[in-house]
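Structure record follows, encoded as structure tokens.
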Amino acid sequence: VDFPAWRDLPAARLSQLRLISGHLAWPLFRRRDLGGWAPITLIREPLARTLSVYTFVRQTKAHPWYEQVSRMDLDTFLGWLAERPPNLDQQTRFLTDSGDPDAAFAVLGEELTLAASLEHLEEFAAELSSLIGHRIALRHQNRSRERIDPTRLPASTQAALRALNE
């Protein structure tokens, strides 16, 4: 679900649904009555997400950044990304209107029934299974063909990654 689809979903149809999935910012999602819903979310570990964005854009010709980013090495990309503040810390912005990390942590702890990082998918599935009283198995399919291990990056690149995600 994207925001226009969520916004335009008739209340009668919404009341029939048991699950809604999508990339939808929490402040936009909660504009509607969520009584009876148990909101859950998966987020990414910030450094892993930044590396994933880099590899995803470089292999996705339809991505609006492809032409620029496909020619960049990782260090150049990190510098380029640092010049685009709206693209930094998107997960915090997905959780709050303010982009404030403390407010994002409050949302995670107080407003959502279950939240976990994608890097802990198995634990998330176990907890979700317990909540719904039915064992579920979640598949994780990484869309990026290339994976970058941050521990194998030069110290300067690791420092740049951390600086983007403070």
Side-chain angles (χ1 to χ4, degrees), residues 1-66 81 86-153 161-162 164-166:
V1 169
D2 59 12
F3 180 67
W6 169 248
R7 180 195 60 219
D8 298 340
L9 187 66
R13 177 67 182 130
L14 180 61
S15 69
Q16 297 170 342
L17 298 176
R18 296 180 60 207
L19 174 71
I20 295 176
S21 170
H23 288 84
L24 187 63
W26 179 244
L28 299 175
F29 188 78
R30 68 178 177 202
R31 287 184 184 175
R32 302 203 47 186
D33 178 17
L34 299 175
W37 286 84
I40 63 175
T41 193
L42 280 168
I43 58 175
R44 291 293 307 268
E45 186 280 323
L47 302 184
R49 184 181 186 285
T50 301
L51 294 171
S52 180
V53 167
Y54 173 68
T55 59
F56 179 75
V57 170
R58 287 171 45 98
Q59 71 186 27
T60 309
K61 290 183 180 181
H63 195 284
W65 296 350
Y66 175 81
L81 191 63
N87 296 301
L88 301 177
D89 204 8
Q90 287 185 336
Q91 294 179 119
T92 297
R93 295 175 196 286
F94 253 58
L95 292 168
T96 69
D97 285 325
S98 68
D100 175 51
D102 292 331
F105 278 113
V107 167
L108 290 170
E110 300 166 12
E111 297 184 37
L112 300 172
T113 303
L114 181 61
S117 70
L118 188 60
E119 291 73 21
H120 296 277
L121 189 59
E122 289 181 28
E123 295 95 331
F124 176 82
E127 185 65 26
L128 184 56
S129 295
S130 175
L131 283 171
I132 65 173
H134 179 77
R135 186 182 180 288
I136 61 168
L138 298 176
R139 290 183 319 151
H140 173 229
Q141 179 180 349
N142 192 327
R143 293 185 182 209
S144 296
R145 292 183 298 270
E146 177 186 0
R147 296 193 110 174
I148 300 172
D149 180 352
T151 64
R152 294 183 176 266
L153 295 172
L161 264 172
R162 283 191 300 277
L164 282 176
N165 290 286
E166 292 181 332

Does any part of the side chain of [Y], heavy atoms only, come nearer than 4.5 Å to the side chain of [X], both counted from C-beta?
| X | Y | answer |
| --- | --- | --- |
| L118 | F124 | no |
| T55 | R147 | no |
| I40 | L112 | no |
| T41 | W26 | no |
| R49 | P46 | no |
| S117 | L42 | no |
| Y66 | R58 | no |

**Study point:** Which atom of E111 lies closest to which atom of P39, heavy atoms considered
**Key:** O-CG, 3.7 Å
Point to revise | Closest approach of F3 to R31 (non-hydrogen atoms, all atoms of both residues) | key: CZ-NH1, 3.6 Å
What distance separates [X] [atom1] from [Y] [atom2], expressed to the nearest 0.5 Å?
| X | Y | atom1 | atom2 | result |
| --- | --- | --- | --- | --- |
| L14 | I20 | CG | CD1 | 5.0 Å |
| Q91 | R44 | CD | CZ | 8.0 Å |
| D97 | R30 | CG | CZ | 6.5 Å |

Would you check if the side chain of [X] reaches a backbone N or O of [Y] as a donor-acceptor pair within less than 3.5 Å?
| X | Y | value |
| --- | --- | --- |
| S129 | A125 | yes |
| T96 | R93 | no |
| S130 | A126 | no |

Exercise for review: Please identify each residue that fulfils side-chain hydrogen bond (donor to acceptor under 3.5 Å, both in side chains) with E127, with sequence neighbours left out.
Suggested key: none
Exercise for review: Determine, step by step, whether L51 and D149 satisfy the side-chain contact (heavy atoms from CB on, under 4.5 Å) criterion, reporting the C-alpha distance in whole Å, the side-chain angles of both residues, the deciding distance to 0.1 Å, and the verdict.
Suggested key: CA-CA 9 Å; L51 294 171; D149 180 352; over 6 Å; no
Check your understanding: Aromatic rings F29 and W6: how do their planes relate, parallel, tilted or perpendicular, breaks at 30° and 60°?
Key -> parallel
Tabulate below the donor-acceptor pairs under 3.5 Å that side-chain atoms of residues 99-110 make, not counting sequence neighbours, or state none.
residue : atom : partner : partner atom : Å
D100    : OD2  : A103    : N            : 3.0

Review point. Between F94 and I43, is a side-chain contact (heavy atoms from CB on, under 4.5 Å) present by the stated rule, with each step listed?
Key: CA-CA 10 Å; F94 253 58; I43 58 175; over 6 Å; no
Point to revise | Pair L47-L164, side-chain contact (heavy atoms from CB on, under 4.5 Å): steps then yes or no | key: CA-CA 9 Å; L47 302 184; L164 282 176; over 6 Å; no
Point to revise | Chi angles and distances behind the side-chain contact (heavy atoms from CB on, under 4.5 Å) call for T60, W65 | key: CA-CA 9 Å; T60 309; W65 296 350; over 6 Å; no
Study note, to complete from the structure: Tested for side-chain contact (heavy atoms from CB on, under 4.5 Å) against Y54, the lone hit among L81, L161, I148 is I148
Check your understanding: Does atom CD of E122 have more than 12 heavy-atom neighbours, drawn from other residues, nucleotides or ligands, at distances under 6.0 Å?
Key -> no
